[in-house]
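Predicted model only: the values in this text are computed from it and were never measured.
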Amino acid sequence: IPTTSPGLMRLKGGSSMPTWSDNPAVIKLREIAKNPYDLSAKDAISPARINMMQASACGLKLLYATERVDEATVDALSNLAKERDVFGKMKAMMDGEVINKIESYESENRKVLHTAMRDVFDKRNEAPAAKEASDLEMTELSKLKDWCNKLDKEKTFTDLILIGIGGSDLGPRALYLALQGYKKDNRRVHFVSNVDPDDAAMVLKSIPDLSKTLVLVCSKSGGTLETLTNEQLVRDYFVKKGLDPKKHFACVTGKGSPMDNPAEYLISFYMFDYIGGRYSATSMVGGPMLAFGLGYQNYEMILKGAHDMDRNAIGEKDVRKNLPLLLALLGVWNRNFLGHQTLAVLPYSQALVRFTAHLQQLDMESNGKHIDREGRFVDYATGPIIWGEPGTNGQHSFYQLIHQGTDVVPCEFVGFTNSQFGMDLDVKGTTSQQKLNSNLLAQSLAMAQGHITSNPNKCFDGNRPNCVILGKKLDPYTLGALLALYEHKVAFQGFLWDINSFDQEGVQLGKVLANQFLDIYQKVNKGEAVPATDNLSALVQQMP
Ligand SMILES: O=P(O)(O)OC[C@H]1O[C@H](O)[C@H](O)[C@@H](O)[C@@H]1O
């Protein structure tokens with residue numbers, strides 16, 4: 001990681017944060033990390049440890065007896081949280097201070113208020129933290145509720161195609177797929193995100209009746225190439241089928257964006273510049289689609305679960321009881337002090353099939369950063385590489401490396417006592433759900449304690465850190481809480497690293513170059529000559 005760059009001049013002296021290495025807690029944690037807790041030692045994992053090393057909030061329980069920490073490590077991590085002022089920063093975020101910025105450099109300069117989108121429940125003896133933002137969302141929510149009632153009454157639409165990408169696709173799609181047990185009868189949602197024309201083609205071919213289909217175009221900026229292209233493609237398809245797009249197309253966009261053109265749409269919903277794409281699932285980006293597919297009440301329960309987790313994140317100052325902060329600190333321990341580069345998130349729930357994909361954007365776009373909030377290159381590791389697939393499928397694929405590979409992969413397992421549909425059978429004395437959960441618990445323990453034998457081929461070193469997140473059942477409330485747990489984990493980690501978790505400059509360069517390639521394709525399409533001497537043209541000419 002570079003620590004200096006000719007292109008990066010510090011314009012402003014004096015930092016409010018001590019540098020990472022000067023933090024007393026960092027010094028202490030580095031000392032502990034020389035000889036961290038050995039999970040593979042005899043009796044290292046005991047019933048007492050399992051009972052003590054756990055925390056609960058909003059129907060979720062975090063078990064961390066299988067992490068390489070003891071009480072002294074957790075104390076030192078707790079001090080790190082204090083020294084890096086994570087609660088001050090979380091409060092600034094929830095109160096609506098402008099925290100999405102890099103001091104003295106051109107940056108987004110925005111508030112970060114996804115929590116205000118669900119701060120809509122308390123009977124107002126306690127005012128919402130950012131009242132103006134919550135009030136604006138209340139207006140959108142009541143518009144959405146009325147629209148849902150109208151759709152329920154008129155029964156005109158059975159299918160909805162959501163067109164969007166990145167934050168306008170991943171989070172909402174992950175939530176919809178996660179709640180199939182709560183789907184409304186005779187309602188289906190489809191997703192088109194990739195600019196690959198086969199994505200839209202496959203969805204359009206699968207629609208049973210286009211005349212009963214809504215299209216929800218979702219883009220905060222209203223200018224994303226993939227989304228605009230797919231909107232045009234789908235509009236064109238409707239026209240070809242003799243249908244008027246104006247009677248089918250709705251949109252979600254930022255106020256004042258190029259897409260904010262109500263005359264073009266049946267209805268327009270709004271999100272705001274202080275809602276980051278990857279934090280937007282509980283804004284109108286998720287709202288209309290989820291309320292259409294699952295019903296408005298279920299959407300409200302997602303918001304309620306998320307809001308309750310927001311309260312845990314800001315209100316619970318004891319790190320041993322604050323789920324997002326505890327998860328964040330355990331992650332920082334594994335990343336910065338034990339030196340692990342990746343994190344596998346492994347849901348033992350088929351419903352969470354796209355949840356890890358959403359977390360990839362949430363975490364890696366937020367914390368894949370190399371400068372701190374004052375524009376200095378950091379000399380410590382920031383966000384890990386996130387990956388994973390649902391278990392037990394993953395067990396039959398990549399778990400070999402997790403158990404015996406030369407890289408240690410910290411894991412976060414997620415599981416539920418009950419299935420969503422309850423369609424289960426007792427085979428050989430246990431249900432399928434119990435078989436699923438036995439596998440989850442077995443993997444966690446096997447990674448941690450290992451198994452030493454005289455045959456090296458059958459040796460498991462163990463000492464591979466992991467934790468387990470458990471809930472009773474993946475219902476809308478629990479899913480909202482799980483979503484917010486990860487949103488705040490990511491934010492807390494950004495606060496600990498003192499980076500800006502809310503911009504995404506790293507995705508710009510590729511977009512600029514893609515536009516330059518498009519210019520070349522345009523010339524090729526018009527039969528104009530393209531220069532043979534530049535890299536871009538040379539690459540285009542490589543396409544078979
Ligand atoms: O919602 P949109 O403005 O269309 O943006 C969609 C996505 O595109 C960008 O490339 C960003 O990296 C994402 O953070 C964003 O969610």
Using the side-chain contact (heavy atoms from CB on, under 4.5 Å) definition, which of the options Asp363, Thr342, Asn367 pairs with Pro384?
Asp363
If you compare all heavy atoms of Leu323 against all heavy atoms of Asn312, which two are closest, and at what distance to 0.1 Å?
N-OD1, 3.0 Å
Contact list for residues 185-198, test salt bridge (Lys or Arg N to Asp or Glu O under 4.0 Å), sequence neighbours left out:
Asp152-Arg187, Asp159-Arg188
Tell me which one of Asp119, Leu113, Leu141, Thr115 satisfies side-chain contact (heavy atoms from CB on, under 4.5 Å) with Ser134.
Asp119
Between Tyr296 (side chain only) and Asn149 (backbone N and O only), is there a donor and an acceptor less than 3.5 Å apart?
no
Give a yes or no on whether a salt bridge exists between Arg118 and Glu487, defined as a side-chain N under 4.0 angstrom from a carboxylate O.
yes
State, without any angle test, whether Ser193 and Arg173 hold a side-chain donor-acceptor pair at a distance under 3.5 Å.
yes
Hey, does the side chain of Glu140 reach the backbone of Tyr270 with a donor-acceptor pair shorter than 3.5 angstrom?
yes
What I want to check is whether the side chains of Gln434 and Asp426 have a donor and an acceptor closer together than 3.5 Å.
no
Please find the pair of heavy atoms, one from Asp95 and one from Ala129, that lie closest to each other, and give the distance.
OD1-CB, 3.7 Å
Using the ring of each side chain (for Trp, its six-membered ring), is Phe502 parallel, tilted or perpendicular to His114, with breaks at 30° and 60°?
tilted
Check step by step if side-chain contact (heavy atoms from CB on, under 4.5 Å) holds for Ser349 and Leu352.
CA-CA 6 Å; Ser349 160; Leu352 291 176; 3.8 Å; yes
When you measure from the side chain of Asn298 to the backbone N and O of Leu294, does any donor-acceptor pair fall under 3.5 Å?
yes
Side chain proximity check, Met271 to Met117, heavy atoms < 4.5 angstrom
no
One pair to check against salt bridge (charged side-chain N to carboxylate O under 4.0 Å, His left out): Glu365 and Arg278. What are the steps and the verdict?
CA-CA 8 Å; Glu365 197 165 83; Arg278 54 197 177 271; 2.9 Å; yes
Quick check for you: to the nearest 0.5 Å, what is the distance between Ile161 atom CD1 and Ile207 atom CD1?
4.0 Å
Measure from the side-chain N and O atoms of Thr382 to the backbone N and O of Lys369, and report whether any donor-acceptor pair falls under 3.5 Å.
yes
If only atom types and distance count, is the side chain of Gln420 paired as donor or acceptor with the main-chain N or O of Leu474 below 3.5 Å?
yes
Indicate whether the side chain of Asn439 and that of Gln395 have a donor and an acceptor atom separated by less than 3.5 Å.
yes
Value for CG (Asp273) from NZ (Lys220), rounded to nearest 0.5 Å, stands at 6.5 Å
Heavy atoms from other residues, nucleotides or ligands near NZ of Lys212 exceed 12 (cutoff 6.0 Å)
no
Aromatic ring pairing Tyr274/Phe272, orientation class (parallel under 30°, perpendicular over 60°, tilted between):
parallel
Working to the nearest 0.5 angstrom, can you tell me the gap between Leu359 CG and Phe355 CZ?
4.5 Å
Taking the six-membered ring of Phe416, is NZ or CZ of Lys472 closer than 6.0 Å to its centre and within 45° of its axis?
no
Mark yes or no for whether Gln361, through its side chain, and Ala357, through its backbone, hold a donor-acceptor pair below 3.5 Å.
no
When rounded to the nearest 0.5 angstrom, what distance separates CD in Glu389 from CG in Leu346?
9.0 Å
Yes or no on salt bridge (charged side-chain N to carboxylate O under 4.0 Å, His left out) for Lys304 and Asp308, after CA distance, side-chain angles and deciding distance?
CA-CA 6 Å; Lys304 180 85 179 95; Asp308 286 355; 3.2 Å; yes
Side chains of Thr227 and Asn230: donor-acceptor distance under 3.5 Å anywhere?
no
Looking only at non-hydrogen atoms, find the nearest pair between Val69 and Met53 and report the distance.
O-CE, 3.6 Å
Are more than 12 heavy atoms from other residues, nucleotides or ligands located less than 6.0 Å from atom NZ of Lys61?
no
Hydrogens and angles aside, do Asn466 and Ser444 bring a side-chain donor and acceptor to less than 3.5 Å of each other?
yes
Any luck finding a side-chain donor-acceptor pair between Asn186 and Thr158 under 3.5 Å?
no
Considering all heavy atoms, the nearest Ala448-Thr66 contact:
CB-CG2, 3.6 Å
Side-chain donor-acceptor pair present, Trp387, Thr356, cut-off under 3.5 Å
no
Is there a donor-acceptor pair under 3.5 Å between the side chain of Gln493 and the backbone N or O of Ala328?
yes
Taking the six-membered ring of Tyr265 (Phe, Tyr or Trp), confirm whether the NZ or CZ of Lys246 is under 6.0 Å from its centre and within 45° of its axis.
no
What one should report as the nearest heavy-atom pair of Thr253 and Ser221 is OG1-C, 4.5 Å
Look only at the side chain of Glu108 and the backbone of Arg110, and say whether a donor-acceptor pair between them is shorter than 3.5 Å.
no
Between atom OH of Tyr64 and atom CD1 of Ile469, what is the distance when rounded to the nearest 0.5 Å?
13.5 Å
I'd like to know whether NZ of Lys111 has more than 12 heavy-atom contacts from other residues, nucleotides or ligands below 6.0 angstrom.
no
Tell me whether the centres of the aromatic rings in Trp147 and Phe292 are closer together than 6.0 Å.
no
Under a 3.5 Å threshold, yes or no: a donor from one side chain and an acceptor from the other, between Thr430 and Lys435?
yes
Determine, using ring centers only, whether Phe249 and Phe238 are less than 6.0 Å apart.
yes
Could you tell me whether a side-chain N or O of Ser419 sits under 3.5 Å from a main-chain N or O of Gly422, the two making a donor and an acceptor?
yes
Would you please test Lys489 and Glu412 for salt bridge (charged side-chain N to carboxylate O under 4.0 Å, His left out) and show each step?
CA-CA 12 Å; Lys489 174 203 172 182; Glu412 289 172 5; 2.9 Å; yes
Side-chain donor/acceptor of Lys143 to backbone N/O of Ser268, under 3.5 Å:
yes
For the CD atom of Gln360 and the CG atom of Leu343, what is their distance to the nearest 0.5 Å?
10.5 Å
